[in-house]
Trainee: 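Below is one structure. I have some questions about it.
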Amino acid sequence: MQSWPKVSIPALPGQGYPLRLFDTATSELRALAVGPTAQIYVCGITPYDATHLGHASTYVAFDMLIRQWIDQGRTVRYAQNVTDVDDPLLERAAQTGESWDELATSQIQLFRDDMTALRLVPPDDYIGVVESIDWVIERITVLDEKGAIYRVDDDLYFRVDSDERFGQVGHLESAQELALFAERGGDPQRVGKENPLDPMMWRAAREGEPRWDSPFGPGRPGWHIECVAIALDRLGMSFDVQGGGSDLIFPHHEMGASQAQVATDSWPYARHYMHTGMVGLDGEKMSKSLGNLVFVSKLLEAGVDAMAIRLAILEHPYRQDWTWTDSDLARASERLERWRAAVSPPTGPTPTRALDEMRRALANDLDTRSALRAVDVWAEEQRLRGGDDDAGPGVISRSVDALLGVAL
Ligand code: 5CA
Ligand code: ZN
């Protein structure tokens, strides 16, 4: 499906440094050695109650990683899914009487708008479950051929024991695994399962639920296989980073890794697993089920600057859990103002000639073409001078922003 608009990233002099990044699977900070093209898969939203600050915080963290790669001169291949068919989405649609696909479509657009406002680099591949059904069917077929699939009634399950490395992403005790599996969409109690942790791969059609035809009967994909199918199709095995919030370590990323490893007879699924801390409100994790949400779109509607939201997020180390408070936003807004004043003193010495020329041009029947030329001339002078004019660039970037509506 359509991603959101590209962000322009100014080229900087010099080059960034090699990156060390915490890896969940090895529980250590380690060098992230990537080739000329860095490949990343970040789990996307389930499109209802988007975009709360927890989502925003998680996606901003991955945006920071991507910007590091870009600063190192690498190209980035970035894939993200949208869980546009899943139990929680269908339940919400049933509660509100909306159709599930209309709910998804409107929430995905809200998410795109929020990501755009926050200036996040968009994924190259932004793909919904409904677009990846064929890939899911192919992967399940391969897993079935390898003996990793069994039936309970008409539903298909994956044998976690078919992967000898199962458990090596999260390194959890089995009691913890069971508890988290039950809490996060799993069905450990279902009668007929071989291992309570085995996840559903294909859910046979139930009355009133969306369904797709498949060789295993009509139904819809289970949660984890959707990400495996998309990541393997778009990036292939052993891509650089699998990302998401820490609530996805288990079962989601553990299951994904095992399914991919068994399907391809190779290891690892991802070379690095990066997970972000949970953002809370009033002492609880911000979550759709608790309903304690602060929405990016509501803050923007209330006139909050998206860049202040971004700064408020960046104040927190990405791996730590943290709690959103109004004072986070107040501090970030104050910082933003200070920075903006610093790059462009409002009462600075003299406005540059270029600013004056822009103003003259615009005052003359909105002569935008001449205003653009004035900035062209300034940019060329900067280039020739090597950019040693301290106040100039800030004044111009603010001027271009303020007068032309173009954020540099
Ligand atoms: N669609 C699945 C992933 S395939 C999903 O987890 N969707 S989600 O909408 O629930 O979450 C989207 C992303 O936001 C996930 O990476 C999740 O870990 C992260 N996230 C959800 N709640 C929070 C929170 N309170 N704080 C930080 N990140 C969060
Ligand atoms: Zn996912």
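Residues take their numbers from the sequence shown, with the count starting at 1. Atom set for the values below is all heavy atoms of this structure, side chains included, hydrogens, waters and symmetry mates excluded. Start at 1 and go down the list; that is how both ligands and their atoms are numbered.
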Trainee: How close do Phe250 and Arg184 get, heavy atom to heavy atom, and via which atoms?
Mentor: O-NH1, 2.8 Å
Trainee: Is Asn81 touching ligand 1 with its side chain, its backbone, both, or neither, if touching means heavy atoms under 4.0 Å apart?
Mentor: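 Side chain only; the backbone of Asn81 stays clear of ligand 1.
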Trainee: Given Tyr41, Tyr59, Tyr48, which has its nearest heavy atom closest to atom 12 (C) of ligand 1?
Mentor: Tyr59
Trainee: Considering only heavy atoms, does Thr58 approach ligand 1 within less than 4.0 Å through its side chain, its backbone, both, or neither?
Mentor: side chain
Trainee: Side chains of Asn81 and Tyr41: do they bring a donor and an acceptor to under 3.5 Å?
Mentor: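 The criterion, which ignores hydrogens and geometry beyond distance, is satisfied for Tyr41 and Asn81.
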Trainee: Test of understanding: given a 4.0 Å heavy-atom threshold, classify the contact between Asp247 and ligand 1 as side chain, backbone, both, or neither.
Mentor: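 Under 4.0 Å from ligand 1, Asp247 contributes side-chain atoms alone.
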Trainee: Okay, side chain of Arg139, backbone of Ile230: is any donor-acceptor separation there less than 3.5 Å?
Mentor: no
Trainee: Specify side chain, backbone, both or neither for Leu248, according to which of its non-hydrogen atoms lie closer than 4.0 Å to ligand 1.
Mentor: side chain
Trainee: Of all the heavy atoms in Gly277, does at least one lie under 4.0 Å from an atom in ligand 1?
Mentor: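 For ligand 1, residue contact (heavy atoms, under 4.0 Å) with Gly277 is present.
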Trainee: Which one of Pro88, Gly54, Cys227 has a non-hydrogen atom at the shortest distance from atom 29 (C) of ligand 1?
Mentor: Gly54
Trainee: Can His275 be said to touch ligand 1, with heavy atoms closer than 4.0 Å?
Mentor: no
Trainee: Is a side-chain N or O of Asp84 found less than 3.5 angstrom from the main chain of Val130, in a donor-acceptor match?
Mentor: yes
Trainee: Please say whether Thr276 places an N or O atom under 3.5 Å from an N or O atom belonging to ligand 1.
Mentor: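 In this structure, Thr276 places no N or O atom under 3.5 Å from an N or O of ligand 1.
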Trainee: Quick check: does any side chain N or O of Trp4 sit under 3.5 Å from a backbone N or O of Gln109, one acting as donor and the other as acceptor?
Mentor: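 No, because the side chain of Trp4 does not come within donor-acceptor range (under 3.5 Å) of the backbone of Gln109.
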